[in-house]
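Here's the structure, in structure tokens; my notes come after.
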Number of protein chains: 2
Amino acid sequence: MSVHTRTSPNSLTPVAQKFILHWGEMGTRWGINRTVAQVHALLFLSPQPLPADEIAETLAVARSNVSTSLRELQGWRIVRVVHVLGDRRDHFESIKDVWEIFRIVSEERKRREIDPTLRVLDECVQEIKANPQGDSYTRERLTDMLEFLTAMTGLFEEVIRMPAAALKGVLKLRGKVVTMLGKKAG
Amino acid sequence: MSVHTRTSPNSLTPVAQKFILHWGEMGTRWGINRTVAQVHALLFLSPQPLPADEIAETLAVARSNVSTSLRELQGWRIVRVVHVLGDRRDHFESIKDVWEIFRIVSEERKRREIDPTLRVLDECVQEIKANPQGDSYTRERLTDMLEFLTAMTGLFEEVIRMPAAALKGVLKLRGKVVTMLGKKAG
DNA sequence: CTCTCTATTCAGAAATTACCAAAACTACCG
DNA sequence: CGGTAGTTTTGGTAATTTCTGAATAGAGAG
């Protein structure tokens, strides 16, 4: 390391800053750690993969914090590590296709949040069937809920598996989707 | 108040208990206060509207906490106050239709979480257009994101406005929806 | 093998959030 | 007025989450 001070912090354009800060806030509302969301936003906007220390510098958070955040983002598979010739450091890049990001995050959230609920609901319904001690109202409510969630997630699974190209087509149908579905279903 | 101890806590069946506890846990993952979610679960399972003090007793939480939770649930419009003849206390009941609950909560979350993001994204794109200082990559990324979110919420709005009956039909189409949409969109 | 650069892990500090009890206040009613 | 309901606010504690700095581990160059 030279006697010079470190390279000045990677400055962000005002717009990039605004987006990253907002993304961080939205992250917290979505149960996602603010820093994790900010790191993702930064990588999403970056034309090149970035090394961890540069991310830490740019966002002004601890290096270790970045390490943890990157690990989590990799766990979600929306960020991956790449290598740059002549640089020993890991570099990270985000998926850029927004539909792909949405798909991956949705599936993961479903797996973590909906599936356990489906299991519990199913257990509840089983238990109440095996031992119906006058709580027929509870049974009715839980059965309703279970059926609804099962159907809803089934539909979700279908849509989420659509390739990006097909989705673009569907999105162009705006204003007609409900009519179409309504007719076929009616 | 008599010298007798208060009426014994409203006991819950094991199944009701299990569901309420789980719903509370899921609530926290969804950014919803645990108590709020538990109160909702209790009301959802209750055949009759319940007064606040009974809820507090059954869930073993502070009366003031129940008051706050009920207020929040009413804010979401999935719980409403009703009155029982001969009882001056407010009683509270939950909407029982699961599709209705889902619809209302989704719309509210969209309003609180997606709409602000759309605004910020739009502002960002405007600013970058007005002052394009070499960050064409940022512009591209943000435009992508904005278009995707706009299209997605448009579709969402359509689906969410479907009456419960129409939905049931669509849900029966499982396995065919994507095919249908694919054909029309292709 | 040692030195340097890099990445990860971990204990504790700091911040945030959840919850409660009590008090103050409104409102209604007999 | 006095009694019952209900809400809001406050002050405080407990629990959880987030973040950091220091320690640790690994990998490659010399």
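Values below: all heavy atoms of this structure, side chains included; hydrogens, waters and symmetry mates excluded. A, B, ... follow the sequence lines: proteins, then strands. Residue 1 opens every chain.
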Non-neighbouring partners of F102(B) that pass ring pair (Phe, Tyr, Trp, His ring centres under 6.0 Å), sequence neighbours left out: F148(A), W99(B)

Set of residues satisfying ring pair (Phe, Tyr, Trp, His ring centres under 6.0 Å) with respect to F19(A), sequence neighbours excluded: W23(A)

Base-contact (B) and sugar-phosphate-only (S) positions in nucleotides 12-30 of chain D, heavy-atom cut-off under 4.0 Å, - elsewhere: ------SSBB-----B---

Rounded to whole angstroms, how far apart are [atom1] on [X] and [atom2] on [N]?
X: R89(B); N: dA27(C); atom1: CZ; atom2: C1'; answer: 18 Å
X: E54(B); N: dA5(D); atom1: CD; atom2: C1'; answer: 15 Å
X: L50(B); N: dA5(D); atom1: CG; atom2: C1'; answer: 17 Å

Greater than 12 external heavy atoms within 6.0 Å of R112(B)'s CZ: yes

Residues in contact with DNA chain C, drawn from residues 70-84 of chain A - heavy-atom cutoff 4.0 Å: R71(A)

Any residue meeting side-chain contact (heavy atoms from CB on, under 4.5 Å) with V120(A), in chain and number order, not counting sequence neighbours: C124(A), K18(B), H22(B)

Verdict with reasoning, L45(B) to D135(A), per side chain to side chain contact (heavy atoms under 4.5 Å, CB included): CA-CA 10 Å; L45(B) 289 189; D135(A) 43 5; over 6 Å; no

Smallest separation among heavy atoms of G27(A) and A37(A), with atom names: CA-CB, 4.0 Å

N or O in side chain of S67(A) less than 4.0 angstrom from dA7(C) OP1/OP2: no

L73(A) with I104(A), same ILVMFWY side-chain cluster at under 4.5 Å: yes

Listed partners of N131(B) passing side-chain hydrogen bond (donor to acceptor under 3.5 Å, both in side chains), at least two apart: none

